[in-house]
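Here is the structure we will look at, set down as structure tokens.
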Amino acid sequence: MGDDGGVVAVGGEAATVEQPEVALGAQARGSANGGGEMSKVGHDASASVLQRVSAVNVGLDSFAEAVRAQGGEVAEVDWRPPGGGDAAIVALLERAWGACGERIEEANAAVVRAIEAARPHAVTVAPAREVVDGLGDGTLLHAGPPVAWERMCDPQRRALAAACLLEGWAPDREAAERRLAAGEVALRSGNEHGHVGPMTGVCSPSMPVWVVRDEGSGTTAFSTLNEGPGRTLWFGVGDDEAVAKARFLRDRAGPLLARLLERTGPIDVLDLAAQGLQMGDELHMRSQATTNLLWRRLLPAFAAEGGEDVGAVLTANHLFFLNLVMAAAKCASLAAAGTAGSSVVTLMSRNGTDMALQLAGLPGRWFVAPAAPVQDALLREGFAPQDAAPDIGDSAVLECIGLGGMAVAAAPAVAAFFGGGAADAAARSRLMGEICAGRSARFTLPALDHAGSPVGIDARLVVELGVAPQITTGVLHATQGAGQIGAGIAHQPLEPFRDALAALVAELP
């Protein structure tokens with residue numbers, strides 16, 4: 001805006017004004033037209049005193065570039081047609097914000113309240129077969145939506161075959177793969193059994209799992225113990241070393257952790273997570289600080305129970321808290337699921353083949369699209385983008401409650417994985433705020449003056465703005481069983497959000 005009667009342009013149109021105010025063009029809410037070249041129109045007296053040209057450009061960058069080329073100043077507004085201008089999507093959005101808008105808004109507010117009210121506590125660690133419904137002999141759980149063996153990605157196949165060896169269901173990997181291919185071992189989506197696991201997310205009956213419960217809502221969720229970096233099942237490595245690590249967690253770590261929790265009592269998981277955000281974690285890709293908070297909480301019980309060998313292994317794993325906070329996030333999401341009319345996403349999950357989501361207002365219904373690549377990634381030396389498996393894991397449950405990609409501003413160190421710095425991390429959290437229904441009172445971001453982390457991904461906003469949730473995640477090798485080869489941010493496909501919103505609106509009166 002010119003403070004001396006300059007020209008103000010919106011969407012490429014120009015108009016003279018005699019006072020410092022913006023003249024909104026006719027195209028401010030439609031497709032911008034008019035060229036980038038600005039003309040001085042209006043009263044001659046106004047033009048004669050023109051000293052400086054300033055513009056507000058809404059929409060296409062080319063208009064702003066043309067103004068700058070003529071020496072003008074431009075403030076740009078990032079605007080695009082709702083839904084990309086697609087007529088069918090615009091009609092869907094009109095109903096979602098119009099006729100159904102009040103109903104959806106009230107339901108979304110209730111969902112955010114339910115997520116924020118959840119107080120999940122870790123109550124024990126137990127063999128999965130004892131606590132997870134439907135996980136008996138001959139059944140394995142995996143990350144992501146349901147997927148048949150023949151469509152599974154290589155890392156998930158390797159992990160499932162290794163789990164068969166752990167359970168003693170096959171003498172070797174070849175026999176395990178034959179049994180899996182023949183359907184002799186049942187494969188189930190962990191999310192449909194209250195279980196969440198990062199990356200391959202494999203869980204077998206004898207594996208120890210965190211049991212996390214929210215007394216207020218009555219929800220319970222489970223997750224295996226984090227295996228740490230290196231050659232492990234969750235990274236899609238199924239060799240002898242990976243199986244040996246899984247056996248150690250089952251035989252030594254699980255029983256000891258159960259005894260530690262008997263001494264300490266239940267642990268408020270999201271309270272520790274909230275503290276970790278103030279210490280440089282975003283709780284998905286980075287959880288070092290919060291892992292240390294957990295060990296501080298358990299330290300007196302460790303001293304009483306012993307287990308030095310277990311303590312040495314577990315405390316060397318800077319990712320150990322990840323699985324625990326995922327189970328807590330699953331509890332909070334389950335507390336909100338089933339809220340009629342809500343367009344808030346309570347589940348996003350990937351299996352390296354498909355990405356799928358569920359809405360709070362449509363519990364149990366999967367909306368599926370091909371899994372995305374991890375676009376903003378930093379790969380280890382010697383690896384190229386074509387080596388990377390598509391996005392995989394249940395860990396996006398964290399983004400559904402305001403952690404991970406929503407809270408990346410809290411963890412500037414994570415910005416290095418997408419080639420940025422602290423300002424870039426803050427910008428990404430602000431962007432995620434544009435597609436969320438609320439802000440968390442529990443999770444605050446120091447880099448944003450302790451503003452609440454965005455919470456409650458609203459499918460309406462995702463579809464309208466064309467901005468997909470971003471998930472901070474690891475990258476697995478696609479074919480060689482090499483495990484993790486990098487990390488970065490995966491931007492989710494838009495199609496499932498559109499399909500879910502259409503299904504929701506179709507069910508509303």
Side-chain angles (χ1 to χ4, degrees), residues 92 96 104 107-108 111 115 132-135 139-153 156 160 186-203 219 221-223 326-327 329-372 389-401 435 456-460 462-463 468-469 471 473 490-508:
L92 171 62
I104 293 175
N108 287 354
V111 165
I115 291 173
V132 180
D133 289 340
L135 185 56
T139 300
L140 296 176
L141 304 182
H142 62 78
V147 59
W149 171 261
E150 56 268 19
R151 294 187 64 243
M152 279 187 175
C153 68
Q156 201 151 55
L160 289 167
L187 303 177
R188 302 280 185 266
S189 167
N191 270 288
E192 296 185 343
H193 295 263
H195 178 274
V196 282
M199 308 309 287
T200 65
V202 171
C203 180
T219 59
F222 315 94
S223 186
M326 284 176 58
K330 181 67 172 177
C331 270
S333 294
L334 288 171
T339 304
S342 174
S343 61
V344 168
V345 177
T346 50
L347 171 58
M348 291 189 293
S349 190
R350 309 92 73 212
N351 56 32
T353 301
D354 299 318
M355 176 270 178
L357 62 85
Q358 295 183 14
L359 299 185
L362 298 172
R365 291 184 58 179
W366 291 102
F367 297 90
V368 187
D391 194 20
I392 186 170
D394 293 327
S395 48
V397 69
L398 295 167
E399 276 75 10
C400 291
I401 70 162
I435 61 170
I457 300 165
D458 187 346
R460 295 180 302 173
V462 173
V463 172
I471 297 173
T473 187
H491 301 265
Q492 300 309 294
L494 293 172
E495 292 83 1
F497 297 90
R498 296 170 186 157
D499 294 343
L501 183 60
L504 178 73
V505 167
E507 292 198 356
L508 293 176

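Computed from a predicted structure; not experimentally measured.
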Revision key, fill the gap. Minimal heavy-atom distance between Thr219 and Cys331, with the atoms involved, is OG1-O, 3.1 Å
Review point. Can you name the nearest heavy-atom pair linking Asp391 to Ala371, along with the distance?
Key: O-CB, 3.7 Å
Check your understanding: Counting distance only, does the side-chain N/O of Gln358 pair as donor-acceptor with the main-chain N or O of Pro363 below 3.5 Å?
Key -> no
Revision key, fill the gap. Across all chains, not counting sequence neighbours, the side chain to side chain contact (heavy atoms under 4.5 Å, CB included) partners of Thr346 are Ser333, Ala336, Ala360
Review point. Just how far is it from atom NE2 of His193 to atom OG1 of Thr139, taken to the nearest 0.5 Å?
Key: 7.5 Å
Review point. To the nearest 0.5 Å, how far apart are CG in Asp133 and CZ in Phe222?
Key: 7.0 Å
Exercise for review: Taking the side chain as every heavy atom from C-beta outward, state whether Gln492 and Phe497 have any atom pair closer than 4.5 Å.
Suggested key: yes
Point to revise | Expected output: side-chain Ser189 to main-chain Gly144 donor-acceptor under 3.5 Å | key: yes
Review point. With a 4.5 Å heavy-atom cut-off, do Ser343 and Arg460 have their side chains touching?
Key: yes
**Study point:** Point-to-point distance, once rounded to the nearest 0.5 Å, from OG of Ser342 to CG of Asp458
**Key:** 7.5 Å
Point to revise | From CA spacing to verdict: side-chain contact (heavy atoms from CB on, under 4.5 Å), Asp354, Trp366 | key: CA-CA 11 Å; Asp354 299 318; Trp366 291 102; over 6 Å; no
Exercise for review: Evaluate the side-chain proximity of Cys203 to Leu135: yes if any heavy-atom separation is below 4.5 Å, no if none is.
Suggested key: yes
Review point. Do any N or O atoms from the side chain of Asn351 and from the backbone of Pro145 form a donor-acceptor pair under 3.5 angstrom?
Key: yes
Practice item. Nearest 0.5 Å please: distance from the CD atom of Glu495 over to the CG atom of Leu357. Key: 11.0 Å
Check your understanding: Which pair of heavy atoms, one from Ala143 and one from Ser349, lies closest together, and at what distance?
Key -> C-OG, 4.3 Å
**Study point:** Within-4.5 Å side-chain heavy-atom neighbours: Leu141 and Val202
**Key:** no
Point to revise | Straight-line distance of Asp499 CG to Leu504 CG, nearest 0.5 Å | key: 12.5 Å
Point to revise | Lys330 side chain reached by Asp394 side chain, heavy atoms, under 4.5 Å | key: no
Point to revise | Leu362 side, atom CG; Leu501 side, atom CG - distance, nearest 0.5 Å | key: 9.5 Å
Check your understanding: Would a distance-only check, ignoring hydrogens and angles, find a side-chain to backbone donor-acceptor pair under 3.5 Å from Thr353 to Arg151?
Key -> yes
**Study point:** 4.5 Å side-chain heavy-atom contact, Val196 and Asn191
**Key:** yes
**Study point:** Reference residue Met348; test side chain to side chain contact (heavy atoms under 4.5 Å, CB included); the match among Val397, Ile457, Leu398
**Key:** Ile457
**Study point:** For the student: nearest non-hydrogen atoms of Pro496 and Met355, plus distance
**Key:** CG-SD, 3.9 Å
Review point. Is there a donor-acceptor pair under 3.5 Å between the side chain of Arg350 and the backbone N or O of Gly393?
Key: yes
Practice item. Taking the side chain as every heavy atom from C-beta outward, state whether Val147 and His142 have any atom pair closer than 4.5 Å. Key: yes
Exercise for review: Check whether any side-chain heavy atom of Leu508 lies under 4.5 Å from a side-chain heavy atom of Ile104, and answer yes or no.
Suggested key: yes
